[in-house]
Amino acid sequence: MQSHLLSISDLSKEEAFQILDTAEELRKISDGPMKKLPTLRGRTVVNLFYEDSTRTRISFESAAKRLSADVINFSAKGSSVSKGESLKDTAQTLQAIGADAVIIRHGASGAAQRLADSGWISASVINAGDGTHEHPTQALLDAFTIRSHFPDFAADFTGLRVAIVGDILHSRVARSNVLLLAKMGASVTLVAPPTLVPVGAEKWPVKISYDLDSILPDIDVVMMLRVQQERMTNFFFPSAREYSRAFGLTNSRLALLQPKTIVMHPGPMNRGLEISAESADSTKSVVLEQVANGVLVRMAVLYTLLGGLPLNAGTERKS
Ligand code: CP
């Protein structure tokens with residue numbers, strides 16, 4: 001595998017499953033007496049966040065600390081970026097302090113690739129969300145969560161039916177999930193109003209539907225997406241009420257799902273818009289599992305990219 005994770009395209013199917021297997025191993029170790037592993041002791045991981053985040057930033061921080069790395073959190077707000085400092089100068093500052101991995105979230109699609117290709121830093125670059133382009137670790141944690149609910153598909157997702165619903169146009173989560181789920185063999189259907197389906201999506205490895213009610217009874221996983229009002233410069237639907245009526249996971253739609261179907265959402269959720277509070281809090285919802293799994297999967301990604309001591313080093317009890 002390369003030393004960066006910028007896109008799901010960077011991973012083969014085997015490498016993707018390998019990361020999920022490593023996360024599974026880390027889950028078993030984390031359930032034991034050793035909560036913190038010495039694997040990345042002496043390494044420095046920088047969270048470089050130019051856009052807001054709760055789950056991704058916290059879980060990368062937690063993941064790095066659980067592997068004993070030193071963590072530096074950099075938020076553009078309150079930094080010299082607000083005085084006009086460029087990405088190049090910021091990156092060179094990180095190089096000077098000896099960063100081994102830089103986890104970057106940025107509003108510009110391609111920012112992570114730019115950092116990795118620039119030659120400004122020698123660290124591994126991990127894309128934590130770039131504009132509307134990709135969010136690869138979110139897709140990996142989603143696949144890990146799906147796999148834990150459907151063990152029959154542990155080695156291959158062929159036959160698994162996933163619907164990704166809502167604001168596909170602005171969603172880096174949707175793009176990474178389409179690439180990963182298709183790579184792993186799943187059958188993916190995008191469900192959205194025509195205005196929120198990107199131009200060119202007909203060439204993606206997916207089916208496209210505009211009728212949520214006809215899709216819901218025959219799927220294993222429904223992944224609801226946040227309506228990203230902050231990225232909308234146009235009117236994409238007449239009103240929130242009409243959007244919710246046609247594309248929201250309402251209480252009545254929740255009842256259409258099969259008993260085994262799980263409800264996912266990457267967060268943060270707009271309760272009452274793309275998902276009802278009852279759906280978000282129902283026993284079918286795995287939203288909080290996704291958050292918890294994010295730590296394990298990000299530990300697996302850091303371990304895979306940075307190497308370090310074997311996972312079981314230091315976990316044996318001395319007799
Ligand atoms: N899913 C996700 O990326 O959430 P945050 O924006 O809170 O990191």
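We number each residue from 1, following the sequence as shown. Counting starts at 1 for both ligands and their atoms, in listed order. Keep in mind that the numbers below use all heavy atoms, side chains included, and drop hydrogens, waters and symmetry copies.
Each of the following atoms of ligand 1 lies closer than 4.0 Å to a heavy atom of T54: 5 (P), 7 (O), 8 (O). Each of the following atoms of ligand 1 lies closer than 4.0 Å to a heavy atom of Q138: 1 (N), 2 (C). Residue-ligand proximity, G267 to ligand 1, at heavy-atom distances under 4.0 Å covers atoms 1 (N), 2 (C), 4 (O).
Remark: ligand 1 and P268 share no N or O pair separated by less than 3.5 Å (distance only, no angle test).
A salt bridge does not link R172 to D130: none of the charged nitrogens lies less than 4.0 Å from a carboxylate oxygen.
Taking 4.0 Å as the cut-off, H135 counts as a neighbour of ligand 1 on heavy-atom distance. Taking 4.0 Å as the cut-off, G129 does not count as a neighbour of ligand 1 on heavy-atom distance.
What sits closest to atom 1 (N) of ligand 1 on the protein, heavy atoms only, is P266 O, 2.9 Å. Protein heavy atom in closest approach to atom 2 (C) of ligand 1: T56 OG1, 3.5 Å. Here the protein heavy atom with the shortest distance to atom 4 (O) of ligand 1 is R55 NE, 3.2 Å.
The option from R105, R57, R226 that lies nearest to atom 3 (O) of ligand 1, judged by heavy atoms, is R105.
The hydrophobic clustering, which links ILVMFWY residues whose side-chain heavy atoms are closer than 4.5 Å, places I104 and L305 apart.
Of the residues V287, L254, V286, the one that meets the side-chain contact (heavy atoms from CB on, under 4.5 Å) test with V263 is L254.
Looking at T145 and Q290, their side chains never bring a donor and an acceptor atom within 3.5 Å of each other.
The aromatic rings of F236 and H170 sit perpendicular, their planes meeting at an angle over 60°, well past the 30° parallel limit. Taking the six-membered ring where tryptophan is involved, the planes of F157 and F17 are perpendicular, since the angle between them exceeds 60° and thus also 30°.
Geometrically, R298 engages F60 in a cation-pi contact defined by less than 6.0 Å to the ring centre and at most 45° from the axis.
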